[in-house]
Structures are given as structure tokens and as C-alpha cells.
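Chain identifiers are assigned alphabetically (A, B, ...) following the order of the sequence lines, protein sequences preceding nucleic acid strands; residue numbering begins at 1 within each chain.
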Protein chains: 2
Amino acid sequence: MGMNPTVKDIAAKLNLSTSTVSRALTDHPDVKKETKRLVLKLARELDYQPNPIALSLKKNRTYILGVIIPETSISFFSKAISGIQEVASKAGYQVMICSSHDSVDIERQNVQTLLNSRVDGLIISVSRETQDVNHLARILDKRLPTVFFDRICEELQSTQVVADNFAITFRATEHLITTGRKRIAYIAGPQNLYNSRKRLEGYKAALQKYKLPIDDDLIIASHYEGENVKTYTDYLFNLNRQIDAIFAINDRTAIEMIHLIKQRQVKVPEDIAVVGFNNERFSAFFDPPLSSIDHPAFEMGKTATELLLQHIADDQFPIQKKVIKSDLIIRESSFKS
Amino acid sequence: MGMNPTVKDIAAKLNLSTSTVSRALTDHPDVKKETKRLVLKLARELDYQPNPIALSLKKNRTYILGVIIPETSISFFSKAISGIQEVASKAGYQVMICSSHDSVDIERQNVQTLLNSRVDGLIISVSRETQDVNHLARILDKRLPTVFFDRICEELQSTQVVADNFAITFRATEHLITTGRKRIAYIAGPQNLYNSRKRLEGYKAALQKYKLPIDDDLIIASHYEGENVKTYTDYLFNLNRQIDAIFAINDRTAIEMIHLIKQRQVKVPEDIAVVGFNNERFSAFFDPPLSSIDHPAFEMGKTATELLLQHIADDQFPIQKKVIKSDLIIRESSFKS
DNA sequence: TAAGGGAACGATCCCGGGATCGTTCCCAGA
DNA sequence: TCTGGGAACGATCCCGGGATCGTTCCCTTA
């Protein structure tokens, strides 16, 4: 059978006590060299591996990090997961991932599940629905090391890793304005999300800097899914406001919009400039190549994990708020030289 | 502090023994109703949760499934992970994911890590480099329930979940042929992968059925990354073979190729029809909309997990080989009515 | 020669639960 | 009055390791 060998097995075969075997395996000085040799040899033969569960029970540490995100298959989060895993595995930690599917109820369950699993720390990006944060406050009450990233809760006193949402949206809007655009539609994300709020603020601030009016009709409170992209597009055209640019909350929306715009015989970027968000890999090959904001998903995952590990290693590690810089990538969809 | 309460804590506060508390919590008949009430009440107040590590140690089960895949951020695998997690969490299992980054060495480490973690079962999609399968055979030797999916090892006697690679590639090639294409280039994946082999066979079989020559010059043994897409494209054009169709191993390659083809003032689909693989969400909005094969990632993850759970529940559960049907989605990049 | 001391090992306990013993105590029946 | 039996609970052991005790020896030194 595939039973894993234990110190007891080794001890029995060598007529030793488990204590001696255990000491030999940890290279304790109280064991004769010859005995150590015998033990190590047999351990190798049996492919002995100490049972991590027994160690967890004893040390009250699992070497598992919990991760709660809205959806594993969203590209931003899957990249963040890569970053998390890279740092975690190098430090000898495993990662346990739960998706909330953007539901607070499931998020609550996830919290419970991971607390039960006795993870050593948590990395969280909250669901779109999350308003009440009691279940998250409970984690902090338990003093479980926790880092929020990307979709954070401003009201919680905890370490956070965010992108420079305001600055980058400001910059992208400024890019559109300085290349001659005046009526820039903005497809916003849900406004209960920190990210979406900051980004919208950046957009508005840029308009104000250049003394352009803020027209609420041009701001669409989208949801991330994009099922309604056609509705938004129709709405914007029916406004008859001579829109000359669109800033969309993500590349998928931007690309679907360009598709719909082209169907109306309107040209991108000549008539309407388009900027997306996330810089998906395919965006560079779109027609026209899509200008987009490179959201540093992998980097954020890495940073969040590094901070979490420091929290785990040191109780007194101070709460931090790290900002990871995004990058504006200008392609032909917004500017043709 | 955030210490988790134990039966011992409850027992102390109620002047009971841990045995009685334990029995009360598991609703054992040997406990007075009143005592049960007191215990359950206090357990609720303290937010008591049985320590899963202690249970794991005792029952020799972790309720964790291990997953080894090449890369979490590849869309196919991230969707598969969604499917795995959905089935697993419904059955009360957690999932532990390791990426091999398409390296055998890391894959070997992953196997070791997950075996050490004492997972209850494994779901594996092998790395691109995997030729020697000793590390995988070891798992089967240990009789650890294991399911391979998508990228399987034919030589291993184990349950497998695969797509109908041969059939769907045959069908897509047939689609190109029956719409008038005669010189169809094929961008293949690495031929040590089961998938890539089967797909290439499907392509060749379709050509044979319609008595078209199999021209090895038109078959490119690509790697998945796509950094060399430009090289491939240049190569195909320099062949001067009047290629009229391209079947690419994935949508990203297909889209980049279309981009490069259009730069040469060649029209898609009029001059060259293009079909991709994976049906990424953005592919429908590309210009022209990309024909692609819908690879059932989520479904495969689900099925693999269901089979794994059955293996875990029943030692004698017979080895199975399940085929999940793909779908050919015809859009304008391959056929314009 | 007896005491001291270190080398090398065994025995025990702990982590947190469940399972299986064993122990009270009370009450019914002979 | 003695016994049997069940109700209700406590004590112990186990899972697999590490840590801390305790125990042999044997050898050195006063």
C-alpha cells in the first residue's frame, strides 16, 4: 500500500526508539554518527517525509496562505495568482484559493472556510457586492495577518496593495485631451469598488485641469461583465453629443465597443479615440491596436505576498499601503501619428 | 488574542471533561440534553470550530485536492481551475494549485510538495517538457487517486479526461476544405504533447479524406508562446505556395497572424482563411471575428474533479477515459457568406 | 574507590480532536 | 438487601512528530 512511512516504522526496523530516530533526522548532537547514518539511509530507502499535518498541529502553523478573489478565470486575478504563488512557494508556503464569484455571501463562506483551514495569512480582493465588511473585520480581530490588494476596503485598518488608479486614469484622460479630444465618454466600474471610484476621480480631475465640463451623461456606471456593451454604445450614439473619445473600464469592453463603432461606419481613432484598461495580451494585435493601461497584476500579487510574509514573520510589522505603478500604453486606437 | 478555542477551553469553562464536550458537539447519546445545550451555547459564543488539522492527523485525510498545471494564468487552465474548484468546494474539499511553468523539474517538485502535503487526490495536466514520467508513475504506485486532464500521459494507467482533439481538428479542417481551401497551413503545438499529436492527426486525416496532399512544409511545430509568430508568418509567405488557409494552435497566435497578414495587404478571409483554437472571449470581436474551437476547459475541470472524488470515495473505482466534446465556432475569419 | 560527568539512548508529554475504555451513581427487580 | 443495568460522565490512548525529561553506561579524576 501507499502508506507513508513514519518515524515509528523506522524505529521498529532499526530497534531504536522514536526519540532517537527523530533526533537523528534533525541532526541532533545526542546521536552517534553510526546511528544517524543508519537512520538516514533507511529514511531515504523508505522515502520518508515528515508528516506536515503533525507538524502543523504541533507548531500551530500550516504554511498555507489563503487567497480570496472574485474569479480565478479573470485575467487580472489569474496573473495576480501567479505572482502570489511565485513568492509563496519560494518561501515554502502553499496557497489555497477561493473564488467569491463576486458574491458577498460566498465571500463570507470563503472567509469561514479559510479560517477553519487555519491558514497562516490571507490575501483578499473583495467582491463587487461587498459593502458590509463585518466578516472581514472579524479576520483582523482575530489578528490573522491579512493583506488586501486591488479591490481593498478603505475603512479597514490593514495592509493594502493598490494600483495608482487615480494617477493613471488622470494620465490617460490627459493623453486624450492633449491629443485634441473634448467629449470623452467614460465607462466606469461599479462605484462601491474603491478602484472604480479612484479611477473616476482621476478622469474628472483631468477634465477639470483642462477646464472641460464634466458631463454626467457621458459617464456610464457599467458592470464588469460587458453583456451590456451594446446598450452603452447605442446610448452614447443616441445622445448626439459628438463624442470623440471613449475610456473603457477594461479591454474587453473597449474592444467590443470598437467592434460596434466600426459597424456604424465610424472610424477609430479618427472619429473616436478609445482607451482600455488591463492591457490584455491580444490588445496589441487588435485593429486598430488598442491603447490600454497596463495594470500590474503579477507585481501586485507578488508585493501583497511579500508584505503578508513579513506580517507573518513579525507580529509588530506596521500596517502599510503600497502603490504599484501602472503604465499607459499608447497605441493606434487613441492616437495615430 | 486570536487563538482559536478548543474543546479544552469549553470543558474548562463548564467544568466538564473534554470527552463530554466532544460528545456533546457530535451529538452523542451519552450526554444529557441540558449539558449539550450548555456546550453548544458556549461553542457558539466562542465561535468554536473543530481544528481540521487535528482531524486530518487522526483520519489521515486532508480534504485537500492537489492540482498541477503548466500555468495558472493561461486562460484554458484558469477556466479549468474554476471548474475544479466548483466541484471540489461543493463536496467540502479545498484545492491546492501548483504551476509547473512548463518545466519538468518544477513539476517533479510540485509532485513532491503535494505528496508531502498529504493531499487526498491529484489532478494533473503535464508540462510541455514532460517525457520521463517516473515522478508521475510514483504517484500511481502510492495508490494516490489521480486524474490526468487535457495534457495526459498515454503510457500511464490512470483515469483521463481529454477533449476530442482528433475529431474537432478533423472537423475544422474539413470546414476549411469544404469552403474551398486547398493549401492549409497548420501551426502545431509541441509534438511530445498528446493533444498536439492528436490534433495534427485530425488535420492530416481530413486532408487525406479529401485527397489533398499533406505538405510538411505547411506544418509548423510551434511552441505555445507565440513569440515567433512573426517568424512563422514570414516563413509561410516566403514559401510562395499560395496558402489559402491557416489553422493555428490557439487564438492568440491566430490573431497575431491575422494582424501580420493584414499588414501585408492580404485579406482575411478572402485570400486566407484563419481558424484558431480556444475561443477566447475577445475573439468574437476581432476584425474579422475569429473562427475558433471552443475547448471545454471548465467542463474538463469539473469532470476531472468528479472522477477524482469518486476515486477517493471508492478504492475499486475503475480507471476511466472520458472525452469532452469541443465545438467549432465559425465566424468571418474563415467563411464569409 | 567513589563521585562526577558526558555520551547515547529511552520514556513521556504535548498539539486537538475522536474513540474506547473505565467509573460513578441511581434505580429497578429479585 | 443485594445485584444488574443503564445513564452520564471522566480517563486514557491514538494520530506523528518534536521537546523535554529521565536513564543507563562508561570513563575520568580526586
Side-chain angles (χ1 to χ4, degrees), chain A residues 1-40 42-44 46-64 92 115-120 142, chain B residues 1-40 42-44 46-64 92 115-120 142:
Chain A
M1 243 299 278
M3 272 299 293
N4 290 308
T6 70
V7 284
K8 205 178 284 181
D9 297 329
I10 298 180
K13 294 210 183 189
L14 294 178
N15 270 327
L16 287 170
S17 72
T18 58
S19 318
T20 304
V21 173
S22 174
R23 272 185 288 238
L25 290 170
T26 52
D27 204 29
H28 194 279
D30 272 10
V31 183
K32 230 195 316 183
K33 270 187 191 169
E34 174 61 11
T35 310
K36 271 184 195 170
R37 208 184 50 75
L38 286 172
V39 170
L40 291 177
L42 185 57
R44 244 193 308 278
L46 297 178
D47 192 23
Y48 168 80
Q49 296 293 138
N51 187 326
I53 299 166
L55 296 181
S56 289
L57 182 60
K58 177 126 190 147
K59 304 197 175 174
N60 207 22
R61 295 194 55 180
T62 53
Y63 291 93
I64 297 176
L115 287 181
N116 286 356
S117 295
R118 303 297 198 268
V119 294
D120 289 345
K142 290 211 173 198
Chain B
M1 242 298 277
M3 273 299 294
N4 290 309
T6 70
V7 285
K8 205 178 282 181
D9 299 329
I10 297 179
K13 293 210 184 187
L14 294 178
N15 272 325
L16 287 170
S17 74
T18 59
S19 318
T20 303
V21 172
S22 174
R23 273 185 286 238
L25 291 170
T26 51
D27 203 30
H28 193 279
D30 273 9
V31 183
K32 230 195 316 184
K33 272 186 189 168
E34 174 62 11
T35 310
K36 272 183 194 169
R37 207 182 53 75
L38 287 172
V39 171
L40 290 176
L42 186 58
R44 245 193 305 279
L46 298 178
D47 191 23
Y48 168 81
Q49 297 293 137
N51 187 326
I53 300 166
L55 296 181
S56 289
L57 183 58
K58 179 123 190 152
K59 304 197 174 174
N60 206 21
R61 295 195 52 180
T62 53
Y63 291 92
I64 296 176
L115 286 181
N116 286 357
S117 295
R118 305 293 200 269
V119 294
D120 289 346
K142 290 211 174 200

Describe the nucleic acid contact of [X] in one word from base, sugar-phosphate, nothing, applying a heavy-atom distance below 4.0 Å.
| X | result |
| --- | --- |
| B:L55 | sugar-phosphate |
| B:I53 | nothing |
| A:P5 | sugar-phosphate |
| B:N15 | sugar-phosphate |
| B:K8 | sugar-phosphate |

Quiz item: How large an angle, rounded to 10°, do the end axes of the helix from C:dT1-D:dA30 to C:dA30-D:dT1 enclose when each is built from five base pairs?
Solution: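 One end axis against the other gives 90°.
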Straight-line distance of [X] [atom1] to [Y] [atom2], nearest 0.5 Å:
| X | Y | atom1 | atom2 | value |
| --- | --- | --- | --- | --- |
| B:N51 | A:N116 | CG | CG | 9.5 Å |
| B:L57 | A:S56 | CG | OG | 9.5 Å |
| B:K59 | A:I53 | NZ | CD1 | 13.0 Å |
| A:L115 | A:R118 | CG | CZ | 8.5 Å |

Practice problem: Going by the side-chain contact (heavy atoms from CB on, under 4.5 Å) test, name the single residue among A:L38, A:L40, A:T18, A:V21 that passes it with A:I10. | Solution: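 Exactly one pass, corresponding to A:V21.
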For atom [atom1] of [X] and atom [atom2] of [N], their distance in whole Å:
| X | N | atom1 | atom2 | result |
| --- | --- | --- | --- | --- |
| B:L57 | D:dC14 | CG | P | 13 Å |
| B:K59 | C:dG17 | NZ | C1' | 9 Å |
| B:N116 | D:dG16 | CG | C1' | 14 Å |
| A:R61 | C:dG16 | CZ | C1' | 19 Å |
| A:K58 | D:dG18 | NZ | C1' | 5 Å |
| A:N60 | D:dG17 | CG | C1' | 15 Å |

Exercise. Tell me, yes or no, whether the heavy-atom count around B:K13 atom NZ, taken from other residues, nucleotides or ligands under 6.0 Å, exceeds 12.
Key: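 Open.
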Quiz item: Taking DNA chain D as the partner, which of residues 17-36 of chain B come within under 4.0 angstrom of it by heavy atom?
Solution: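 Of all residues in residues 17-36 of chain B, the ones placing a heavy atom under 4.0 Å from DNA chain D are B:S17, B:S19, B:T20, B:R23, B:D30, B:V31, B:K32, B:T35.
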Exercise. Please report the C-alpha distance between B:L55 and B:Y63 in whole Å, then the side-chain angles of each, then the deciding distance to 0.1 Å, and finally whether the side chain to side chain contact (heavy atoms under 4.5 Å, CB included) criterion is met.
Key: CA-CA 10 Å; B:L55 296 181; B:Y63 291 92; over 6 Å; no
Practice problem: Examine C:dG16: is either OP1 or OP2 under 4.0 Å from a nitrogen or oxygen in the side chain of B:Y48? Give yes or no. | Solution: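 So the side-chain polar atoms of B:Y48 never come under 4.0 Å of the phosphate oxygens OP1 or OP2 of C:dG16.
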Can you tabulate the close N/O pairs, meaning under 3.5 Å, that link protein atoms to atoms of nucleotides 23-25 of chain D?
none

Quiz item: Should B:Q49 and B:N4 be marked as a side chain to side chain contact (heavy atoms under 4.5 Å, CB included) after you check the CA-CA gap, both sets of side-chain angles, and the distance that decides it?
Solution: CA-CA 8 Å; B:Q49 297 293 137; B:N4 290 309; over 6 Å; no
Self-check item: Residue of the set B:K32, B:R37, B:K36 for which salt bridge (Lys or Arg N to Asp or Glu O under 4.0 Å) holds with B:E34
Solution: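 The passing option is B:R37.
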Quiz item: Is there a donor-acceptor pair closer than 3.5 Å between any side-chain N or O of A:R44 and the backbone N or O of A:L42?
Solution: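 Not confirmed, A:R44 side chain does not pair with A:L42 backbone.
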